[in-house]
Amino acid sequence: MSAPPAPPPQQHAADAPPAERTGPGLVRRVWASYAFRRIRQSVFVIWLVATITFLLMHFMPGDPIQIMAGRLNSSGMSHEQAVATATNIISYDPNANVWVQYLDFLKGLVTFDLGNSLTNPSKTVFEHVMEYLPWTLFAVGAGVALAIVIGLTVGMAAAYRRGSAFDHAMTSIGSFLTGVPNYILIAAVIVVGYTMLGVLPFLDMRGRITAGVEPGFNLVFFGDAIFHAILPIIAFAFTATGSFMLNMKAATTEVLTEDYVTVAQARGLKAGRISRGYVGRNAMLPIIPQIALQLGTLVGGSIVIEQILQYPGAGQMLMQAISNRDYPVVQAAVIILATSVVIASLIVDLFLVRVDPRIKTEGQEA
Amino acid sequence: MPETAKTAAPLLRLRGLEQVFDTKKGPVAAVGGVDLEVKAGKVLCLVGESGCGKTTTARAAAGITRPTAGAVEFRGRPLTDMNSGEKSAYRRAVQYIHQDPYAALNPTRTVASTLTAGLKRHGLVKNRTEARAKAAELLQLVELTPPESYLDSYPHQLSGGQRQRVNVARSLAMNPELLICDESTSMLDVSIRVSLLNTLGRLRDDLDVGFLFITHDLAVAKYFAWDGEIAVMYLGKVVEHGPTPEVIGNPQHPYTKALIGAVCEPDPDLAKANRSADQLRSAEIPSLTDLPAGCAFHPRCPAFEPGLCDAARPALVDTGGPGLPTAGAGPERRGRSVSCHVVARDITRTRPSGGDRTLTFDAVPGSRRPGAEASADDPTTSPAESESSGAAWSA
Amino acid sequence: QADSGDGGDGASGKFVYVYPFDISVEHYNAALNTGVLLTAAPVAELFIPRCAILNWETHEWVPQLAESVTLDGTTLTIKLRSGIKWTDDADVTAKDVVGTIYLQKLNAAQGTIGWDQLVSATADDDTTVTVTYSEAFTGVEHGALKAQVLPYARYGAWMDEAQGLVEAGEVQGGPGQVTLAEKIAAEDFLDEDFITCGAYKFDQIGETVITMSVHEGGLFADQVKFSTIEVQKGDNAASVQLLLSSAVDYSTQVLGATDRSTIAGVEGLKELSTPGYDGIGLMLNQDRFPEFADTNVRKAFMYVFDTEVIGEIAKGAGGYYVPATYTGLPDPHAEGLFDDVELEFYATDHAKATSLLEEAGWAKESDGWHKPDGDLAEYTIIGVEGWTDFALSGEQAAGQLTEFGLNVTYENVPADNPWGIWGAGDFDIAVRQWANPFVPYVYGSWQMTWFTDNSQTADAMGMGLPTGAVETTSLGTVNVDDLYLQSQKGTEEEQAEANKTLGIVFNETLPRLPLFLNQRVSYAVEGERVNTIDPGSYELNDIYFDNPIMVRILEGGIEPV
Amino acid sequence: MTDPILSVRDLSIAYRTGRKESVTAVSGVDLDLYEGQSLALVGESGCGKTTLGLGLLRLLPGLGEITSGSLTYRLKDGSRADLLKMKKEQLRRFRWSEAAMVFQGAMNAFNPVIRIVDHFADTLRDHSDGKRWTKAAVEARAGELLETVRLDPDRVLQSYPHELSGGMKQRALIALAIALDPQVLVLDEPTTALDLLTQRSIVQQLHELRKKFGFTMVFITHDLGLAAELADRVATMYAGRVIETGSARDIFYGPRHPYTAGLINAVMPVKGERPVLESIPGYPPSLKAMPDGCAFNPRCAFATDECKRDRVNLELLTDRPLAMHHSVACLHHDRVRLQRTAPEQLASVAESENANA
Amino acid sequence: MTTTLDAAIAKPRKQFGETFLGRLWTGLTRSSAGFAGTLLVLAIVLFSFVGPLLVDQDNPTDTTQIWTEPSAEHWLGTQYEGKDTFTILVNSGAQPIWVGTLAALMAVFIAVALGSIAGYFRGRVDAVLLQLTDVTVTIPQFLLMLAVVAFFEDIPPWGISIVVGSTMWAFLFRSIRAQVMSLKEREFVEAARLQNLGPARIVFREILPNMAGFIFVNFVISVNQAIYAIVGLYVLGLMPSGTPNWGLMIHQSWGQNFYLNPIALPFVVAPLIMIVLFTIGLVTMGRGLDQALNPRLRER
Ligand SMILES: Nc1ncnc2c1ncn2[C@@H]1O[C@H](COP(=O)(O)OP(=O)(O)OP(=O)(O)O)[C@@H](O)[C@H]1O
Ligand SMILES: Nc1ncnc2c1ncn2[C@@H]1O[C@H](COP(=O)(O)OP(=O)(O)OP(=O)(O)O)[C@@H](O)[C@H]1O
Ligand SMILES: [Mg+2]
Ligand SMILES: [Mg+2]
Ligand code: NI
């Protein structure tokens, strides 16, 4: 028989709840280590993503000089001169040692200095990416925000009226929105709104802002930025709205069957309090991680949307950088995107801990 | 009671079984040193509150988990020493029946295919026809007749009791010598529970199958293990162990007493009479990660004596018992054992020469029937200590 | 920039042009040859002028910053106009021009006609620049005259460094040049004003619109009739839309057939069509398939094609023209040169193609044409991913050959480095340009025909086309290498003679299969803001290299309503 | 005492299972509950106990529907009201202040993301009738209530539900249930998921609370022992119907329905000798395929053709006051015998009680 | 006794309604929406695979017939080369459909294989695979595809399937793994383990059949996602433009501004409608299946 453990402090108060023994200090310690573990894991994922991106870029065929030369050539420069011009701009050594490059790259990663864009060497890659990314983040963010507002309310309403015509209609719309590619939907919107009906000033809406509007903290600028971003926002909102709607409906349906909701009704609580404090709050919990996931996939999927909508955001830039073989930009963009996805999910996790008290003590499985 | 003196090794023996789980909150000693044995055709019933380690013990006995210390021996052979042939024999001889009859059956497979999978796998049948015939036979054995109306059913087409019977049939397919039933009847309704227990009892008697029977329901334990033994577990340890009629009718450990006292009997008059029965000092079970010092039960124990109970862990000591040899703590020991300082002390104090058992605290609360006081058999003991095995009403 | 309102005498109104710029990546460092805001656009003539512009019809220089230009033997004398000012108020002087020339010379690719031969440039005084060449040449002065002149005030340090390097014998790719190029590439001057000396200067640079106002003291500022030039950002789609709503006056975007039909109904729309100096043709890899050496086979292929259809599909109606002669020269070059020779004209004629192939020993069987050695003839035509006219031409050509019974498929190669593929001879048949879009000198076409993509070195065979000794029926064995030199450097008569001979050789041996020539079409909307938009005497000028409308604006030949 | 506090007449409840199909989970139930009584609803799993319990407060889930009957309560102000005719807001006010319910598996009765004290606050505030419940007032009231169920308010109030053990949650829920001093308390299997010892302490507390507050109780369980422990009266349900009602002693010592008798025969006692138990043969019918006549007839030893033909209604067996009657729905109730008979003196007690009535 | 046993043996093993296919069938036909979705999918598959056999494949370039209006001869008019738009449309569905299906098959196969391994055996393999999915999920899918497409230059259609499939599996992997993990802990699996049925048999006979519905539904969803990705690649113009297909039509419509021209609308709209119909079909079919095959929904 093993030796008995050191006697704990005498504490035999009736009904001493188990949590008391762990004490706040321990909880905080565990909590801290959980956060630490999550962060360490995130850093590892970012490193892996960076390395994979580096390798992909490194072994991707195609020479940025030749590609730029091709562009110059087709815009009216002789082939020789085009190559010379491209060489003048792009300092790129295709034969450099992989390891040296990789180590440089890692060093750059740590020091946040990934060098300059190949095709536009006067800018650091971060500057370059930041030129575009905020616009996409703005559009995606606004789209997701819109989707959250619409999707969650409609989804919840549908769950409340399960089986009604409203529910069937909304569920169909939700499946439609999630099922049909968002770029197809937005293309259809353009064709119908612009080409067929002529009510959508699509061509004026392209780009980020209208000429003459100075960026700044004023209504005109924001109004204009929104005017230009409205189609991307709608496009991004499409899928997200659909999936939030369906998920929210499912989650709400699930929560509605929970005992505590029935109990709340039995308690004669007001309907509004039940739907907000009891149903909504709990149904939201599983949606929150999906919001982060949606943000990630939408930013990733912005390539096609921005292409169709001619919205110069991160997707277009990425596409451009890839076809130009502007490796540093691609790397930086991917790393920034990956990092933001990772950070978003980290934030969501940490946020969930705040809104769902159950996680703090039990759910450390992650 | 077919008596004693079997020298052969018991079917299953647990020796100092310990199971410590590593959890985020620290090590959890779910089972902390359990010695038990089950003999062929006999029932050993394990009872105790939720979380006391019954399932963990059973799973280790079934070889599902590997204990962190101690040994599981099958027919005298420790599991760890077995070669693959022995191991597979052991696997077949020891079958496990789960608690939840719904979850234990694969919803995508028919009864027939559930029953024949093991048969086919172990080459116990030659072909499909034979397998099916065997399956039908098994269904009859567990009283699912006519078998053909069940063979091609899916689990969701069966009721809970029927499913549990299929589970039993599946384990019988392996010709088991030992059935480990983990709360196998607790999800069933009373009437169905009885009939299943009766079926299991028939298997025990007719097929000489041994049972490690786990339940938290003392009534079930009493009903099914009347001829066998009961071991009461508390926080990973056996606190009382003995023949069923003894343990139920004359519990010694305060915990066992509390358990028996807490049972609600289907008898309104009896219930009314015992309404004011004693309470434990605390209703909460301590956490396994943070066990109280000394006797793990002391924070709740009505017989708690400061300085004695919270100092050291009590050992499971033999207290003897009527008609059972008290000497020789060897494997053939059939006496009662209790792990309680107070009981141990009182035995040595009042019975230096081996007299009668005496307790200094209230005996089982709640077994007093109005007007039944008169049958107290020993005026020197506490007035509460009343009936031994006297049945107030019988069949 | 303090704006003075309208500049030139009586200048008023607005001229709107559309061009796909992108201020989020473009910069103001004009010493860099690419990525500079609007300097590659035709509208650059209006704000960052050159010494002279070429009149493509007469091959005469139209002086711009220069007052006069004379090439005397190997010496080019540029006399600059005086009194022209940069937007930073400094005078435009010879020093600016010399510095510009050295920067260009140092950064120019080796082998570039005009820069290779340039020895030195000197500022004789404030307005006189003398450029010395190592040898005389048709169009040798092209590079020096057509460089956009940069202000010494901003680029002086680099200009001096370039001059020093050139004088030290440094060429493009040398270590000094590379260092300087990197230094230049790392600068964008986005925080400073763009210093220019043209008739207009930047007023507002917005994301989608750039406006320019008259730059008093700038070149021709007194002549221009518009007070504002507006450049709308727009790719094809946008320019179509802008044209539809008459929001622009002039567009040089290359529009497809569909776009053209979209805008057809716009009021006041004017198509300005100029014969191009290049076109699309096919290269046959003679190194890989010796049977292509047989001129009968080449001719047979040529007779199979319905080039009208191919041009129509690839470029749309009006976007192409079928050459008047199959001499390897665009119509403006060929005009009058071959009046006295009888040239074969390759119009669609399957019967003729059949007989030519049979003559070459080919035979048509159920599975297609078989080569003289009995093997089935199977070829793949390659185009370039994303180069739509190539892809469409290649697809159509392959389709037509297939219809004729040849097993020909079409495939795209990535746009990474098609020159690498062509140069290496890594193709059966490739879609490729023929003639030469950049300069209106005939030898450019010959270079493209015989030498570009045909270096014939062991690791880069190209087409595998012989040039030292070419068999012809009417002229016997001809040395194309020699003739090519004559067409560049000889006297005018010698050049003409050589060109004529080479034309005949081309016509008989078809070193490339010419499918069609590009017609350059641009669009103007008249009557909205602008009276008439007309190229005037610069009808033949290429819209990208010496845009006639821009010259006319500078001359004051185009006026607001 | 003549006026029942709750009166159920011919109550039927159905669940929609498909677009056009539905199953009747509770059919034609008549029940009267008199002030201060505690009634146990017993029966096998799936017989409709929970459904009936929920129905008593009109709390049926979306797919459930009361298809017929009436449900009248005598309210605190003495008036009677038919629950089925109440408007939404009326119903809301009725719930918890007139009748509260403690649910099966109280584990999930609390909203996991808000603290216990907030549950009290929500309840009190939504039934405040204009009174402002400050935080302090809520805490004081909740603390008081928790103390009546022997919970430490300092600890429990600020806890999240998952931080409490099952027993604590159950007690907290009981405290919450009596927050508005309801007249009727419906408890659905309040102890099923709990350990024996915890169960015992809860039972104890229910006794105390009942003594203190005197509420009327409907107690749903399939554990007959618990029913014996807590109930004054017992109603046995089988396949959606109440087939026997009577005082606890009637039911436990003299059941008159073969099913009730079967149930009691199948109960294993802990104390006393080990009897040989017999089970009721067969399995309960599926709601979708109810046998004609008496639903129990396929399992019944006494079944005759008549049983298989006609629905059998409750029949009053005694001429005691209505509050204490014994009724059974069986044509052969006189043939039903409990296998183990009650001890003589007890049997006589039971008989005398019957005789007195 | 023997007679009853014989009777038992003689009984047919399974009724159709209880087999997986049977449940699939009922799932597809039970709800009218699911049935309609299935019909829609079938219709488009037929249109795209059988249609080309029925339609005259001779669709010559005809410069005199560019952008004509729909007519009896040209149901959807003609396009920019004067070819019949309808013929192009008929030929455009096959590739996205089979490439998408192949990609989905691949994604599902990888996800199921790796997911079962990771979920069943856990341990280091699981940790590595999880890390891998973390990474794959973190890198934008399109970027991965772009890189691979660029890497392999001239990529054949089945290659695209592989590319798309191999970037798509990660999401499914997680849910399969989670399901296997939870199923593994289910008591019937433990029961099978106690009967020594062997890991392969347990995974394939005990665990996977319980996920068959889930897997199938996810397959349908994956087809949808694969088509999203593949058509997207075409729309971006990154794919060889050989065979006609919906994505290419959209690419041309946008790249060459056909969408601005009302006369080109049939050409522009036709592929959009086809994709919308096909995806709606898949989605409703998936929902119908989900209802039929998801045990949670089924047992209600
Ligand atoms: N895999 C495991 N990891 C960590 N702790 C475990 C594990 N399995 C069981 N435990 C803990 O061990 C203790 C004993 O559990 P066990 O399941 O054996 O109890 P039990 O007596 O069967 O309870 P019940 O009556 O509820 O079935 C519990 O506290 C439980 O939380
Ligand atoms: N939401 C529902 N939809 C359809 N049928 C239901 C629903 N809820 C319950 N039922 C059915 O109604 C019958 C009565 O169920 P109920 O929950 O009232 O039984 P119970 O007596 O409380 O059983 P238990 O003892 O298991 O709690 C059961 O047959 C059940 O299957
Ligand atoms: Mg257990
Ligand atoms: Mg219930
Ligand atoms: Ni003790």
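Each chain gets a letter, A, B and so on, in the order the sequences are listed, and its residues count up from 1.
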| message | Counting only non-hydrogen atoms closer than 4.5 Å, does D:Leu59 touch chain A with its backbone (N, CA, C, O), its side chain (CB onward), both, or neither? | response | both

| request: State whether the side chain of D:Asn111 and the backbone N or O of A:Tyr260 hold a donor-acceptor pair below 3.5 Å, judged by distance alone. | output: no

Straight-line distance of [X] [atom1] to [Y] [atom2], nearest 0.5 Å:
X: A:Thr257; Y: D:Asn108; atom1: OG1; atom2: CG; answer: 9.5 Å
X: D:His119; Y: A:Arg267; atom1: NE2; atom2: CZ; answer: 5.5 Å
X: D:Arg95; Y: A:Leu269; atom1: CZ; atom2: CG; answer: 10.5 Å
X: A:Lys270; Y: D:Arg93; atom1: NZ; atom2: CZ; answer: 7.0 Å
X: A:Asp259; Y: D:Leu173; atom1: CG; atom2: CG; answer: 9.5 Å

| said: Taking NZ in D:Lys85 as the centre, count heavy atoms belonging to other residues, nucleotides or ligands within less than 6.0 Å. Is the count above 12? | reply: no

| task | Measure the shortest side-chain to side-chain distance between D:Arg92 and A:Gln265 over non-hydrogen atoms and say whether it is less than 4.5 angstrom. | result | no

| said: Are the side chains of D:Phe110 and A:Val263 in contact, using a 4.5 Å heavy-atom criterion? | reply: no

| message | For the interface with chain A, which of D:Leu176, D:Val156, D:Asp122 has the highest count of heavy-atom pairs at distances below 4.5 Å? | response | D:Asp122

| Using non-hydrogen atoms only, which part of A:Leu285 is less than 4.5 Å away from chain D: side chain, backbone, both, or neither? | side chain

| request: Would you name the heavy atoms of D:Trp96 and A:Ala266 that are closest together and state the gap between them? | output: CE3-O, 3.2 Å

| said: I need the minimum non-hydrogen distance between D:Pro112 and A:Asn282, along with the two atoms involved. | reply: CG-OD1, 3.3 Å

